[in-house]
Amino acid sequence: MVAQGFGAPSVYHAVIVIFLEFFAWGLLTAPTLVVLHETFPKHTFLMNGLIQGVKGLLSFLSAPLIGALSDVWGRKSFLLLTVFFTCAPIPLMKISPWWYFAVISVSGVFAVTFSVVFAYVADITQEHERSMAYGLVSATFAASLVTSPAIGAYLGRVYGDGLVVVLASAIAMLDICFILVAVPESLPEKMRPASWGAPISWEQADPFASLRKVGQDSTVLLICITVFLSYLPEAGQYSSFFLYLRQIMGFSPESVAAFIAVLGLLSIVAQTVVLSLLMRSIGNKNTILLGLGFQILQLAWYGFGSEPWMMWAAGALAAMSSITFPAISALVSRTAEPDQQGVGQGMVTGIRGLCNGLGPALYGFIFYIFHVELDAPPDGNGDTPSSIIPGPPFLFGACSVLLALLVALFIPEQPHLGLRPGSWKKHSSPHGHPHSLRPPGEAKEPLLQDSNV
């Protein structure tokens, strides 16, 4: 067992873990674009999609198992495991680019930090606090990207990419040490099953079992379809958009870093202040619908935009669309049993992991079939889009999110998800959750109780 850490578990422990991990990766934004093009000078978008696609599929396969294991063995051990393996490829960028991209693909087995972090937050917050807490975690992810790409681009230009890789590796090690020494366990012993081996079954670890169970509950089905259709284009966009700005729209490394910084700042505001106001005023479901609407407009603008100012304007809409995932996570946490938060968040992360596999590969393939390719090394003077639709994958993404919006309209206002398999019930802890708002006699009532709505 790992050390207990300092103080009582809090949302701030989770926030620091997320910030350090993605700050380290943010430093490598500009160097990665250069190394990617140098390693795969032909079909860069396609190879980028395949690398990220393999990583996403492995994440999909492993997410349910890691989520279920964290419900039994606690969150801290799996925070340590996921952060370590997610950051393991960083030092390899300068040692061997081929090994760097290969290890990135394989690291997808443990690249589910958000799943464990959201379960950690659910352990220590009450229901009415979770949407704000999830928004804070998501905003921290955006905050980590406000300055890190610009810092990485500046250090790379002045001192070389080698220093950037060393600095990113050091920050990743700091994150690992912080988890090992300072992060306390969030899951109380009394919430864990008495026997460690008994509760874990193949049914819980099988990612396709969760997909098969999706159809058994109409609400689960609607939420999962919404997550899939909305995150599929987001995953593809995330894997290729900065490369698209750099090589096709002609953004310089400094402009890409500035774009990420502005988008990050706007996302922080959206995922904290705006999300909190929307959740209190219009409710969980309507917040999800509003976020999906912003995402449709953003992707359509990316698809038809042919000028840099259009990318900047659409970026503001992208920041507003970032409220969708924390709102969905809050909905899932409110409808899952207290000792099943890892399984519930693992289900959503598993769907997102599947999208992380399919989305980048799909975007890379669409770029390929529409002959959006790179013929020159990145020198700050990218090709000027000349077709009617400069970004075909983004327009496809807008259509996908439109379908997600139509599906989300049918999600009940107060759903109750049947996430608990029968085999778990007989092993579950008899103790109540310390933060549960429900008396024991109301175990079958829906968890979504928003008094403001």
Side-chain angles (χ1 to χ4, degrees), residues 118 127-128 130-139 142 214 217-238 263 266-303 314-336 344-345 347-349 351-352 355 359 394-417 446-453:
F118 279 146
E127 290 178 32
H128 67 278
R130 285 180 191 159
S131 61
M132 184 64 181
Y134 288 153
L136 182 61
V137 172
S138 298
V214 162
D217 185 287
S218 60
T219 303
V220 175
L221 178 63
L222 292 173
I223 292 177
C224 288
I225 292 176
T226 301
V227 171
F228 179 82
L229 291 175
S230 64
Y231 195 70
L232 181 68
E234 183 177 340
Q237 170 192 321
Y238 182 76
L263 185 61
L266 293 176
S267 297
I268 292 171
V269 175
Q271 295 174 7
T272 53
V273 178
V274 176
L275 177 65
S276 178
L277 292 174
L278 290 175
M279 292 289 286
R280 289 199 299 264
S281 59
I282 65 176
N284 208 150
K285 175 183 174 180
N286 290 330
T287 301
I288 295 173
L289 296 176
L290 185 61
L292 293 174
F294 280 117
Q295 189 178 2
I296 293 171
L297 296 176
Q298 162 231 329
L299 288 169
W301 209 340
Y302 281 158
L317 297 176
M320 286 301 302
S321 70
S322 65
I323 64 176
T324 304
F325 178 56
I328 290 177
S329 296
L331 181 65
V332 172
S333 73
R334 289 174 174 177
T335 52
Q345 298 299 337
M347 177 187 69
V348 174
T349 303
I351 297 293
R352 285 165 60 92
C355 294
F394 305 114
L395 192 59
F396 165 81
C399 297
S400 177
V401 179
L402 177 60
L403 294 177
L405 178 64
L406 296 177
V407 172
L409 289 172
F410 295 95
I411 296 177
E413 290 289 347
Q414 295 188 340
H416 183 209
L417 307 188
L447 284 175
L448 183 55
Q449 301 290 346
D450 193 333
S451 59
N452 293 297
V453 177

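Just so you know, these numbers use all the heavy atoms, side chains as well, and skip hydrogens, waters and symmetry mates.
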Chemist: Rounded to the nearest 0.5 Å, what's the gap from CD1 on Ile282 to CG on Leu290? Could you check?
Modeler: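 Going from CD1 on Ile282 over to CG on Leu290, the span is 5.5 Å.
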Chemist: Are any non-hydrogen side-chain atoms of Pro233 and Val401 less than 4.5 angstrom apart?
Modeler: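 Yes - at least one pair of side-chain heavy atoms lies under 4.5 Å apart.
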Chemist: So, applying side chain to side chain contact (heavy atoms under 4.5 Å, CB included) with Leu277, which one of Val274, Leu275, Val273 is it?
Modeler: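 Option passing the side chain to side chain contact (heavy atoms under 4.5 Å, CB included) with Leu277: Val273.
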Chemist: Does Asn284 reach the main-chain N or O of Ala327 with its side chain, forming a donor-acceptor pair under 3.5 Å?
Modeler: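 It does hold such a pair.
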Chemist: Table please: side-chain donor-acceptor pairs of residues 314-322 below 3.5 Å, with sequence neighbours left out.
Modeler:
unit_1: Ser321; atom_1: OG; unit_2: Gln298; atom_2: OE1; d: 3.4
unit_1: Ser321; atom_1: OG; unit_2: Ala318; atom_2: O; d: 2.7
unit_1: Ser322; atom_1: OG; unit_2: Gln271; atom_2: NE2; d: 2.9
unit_1: Ser322; atom_1: OG; unit_2: Ala319; atom_2: O; d: 2.4

Chemist: Can you pull out every side-chain hydrogen bond (donor to acceptor under 3.5 Å, both in side chains) where at least one residue sits in residues 285-296? Sequence neighbours excluded, please.
Modeler: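 Sorted pair list comes back empty.
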Chemist: Which pair of heavy atoms, one from Ala408 and one from Leu289, lies closest together, and at what distance?
Modeler: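 The answer is CB-CD2, 3.5 Å.
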Chemist: Report the distance from atom CD1 of Ile323 to atom CG of Leu278, rounding to the nearest 0.5 Å.
Modeler: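 If we round to the nearest 0.5 Å, Ile323:CD1 and Leu278:CG are 5.0 Å apart.
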Chemist: Checking Thr324 now: which residues fulfil side chain to side chain contact (heavy atoms under 4.5 Å, CB included) with it, not counting sequence neighbours?
Modeler: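 Side chain to side chain contact (heavy atoms under 4.5 Å, CB included) check on Thr324 returns Ile288, Leu292, Ile328.
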Chemist: With Ala398, which residues qualify under side chain to side chain contact (heavy atoms under 4.5 Å, CB included), at least two apart?
Modeler: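 With sequence neighbours excluded, Ala398 shows a side chain to side chain contact (heavy atoms under 4.5 Å, CB included) to Leu299, Ala300, given in chain and number order.
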Chemist: Just to verify, what does Leu229 make a side chain to side chain contact (heavy atoms under 4.5 Å, CB included) with, not counting sequence neighbours?
Modeler: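 So Leu229 forms a side chain to side chain contact (heavy atoms under 4.5 Å, CB included) with Ile225, Ser400, Leu403, Ala404, Val407.
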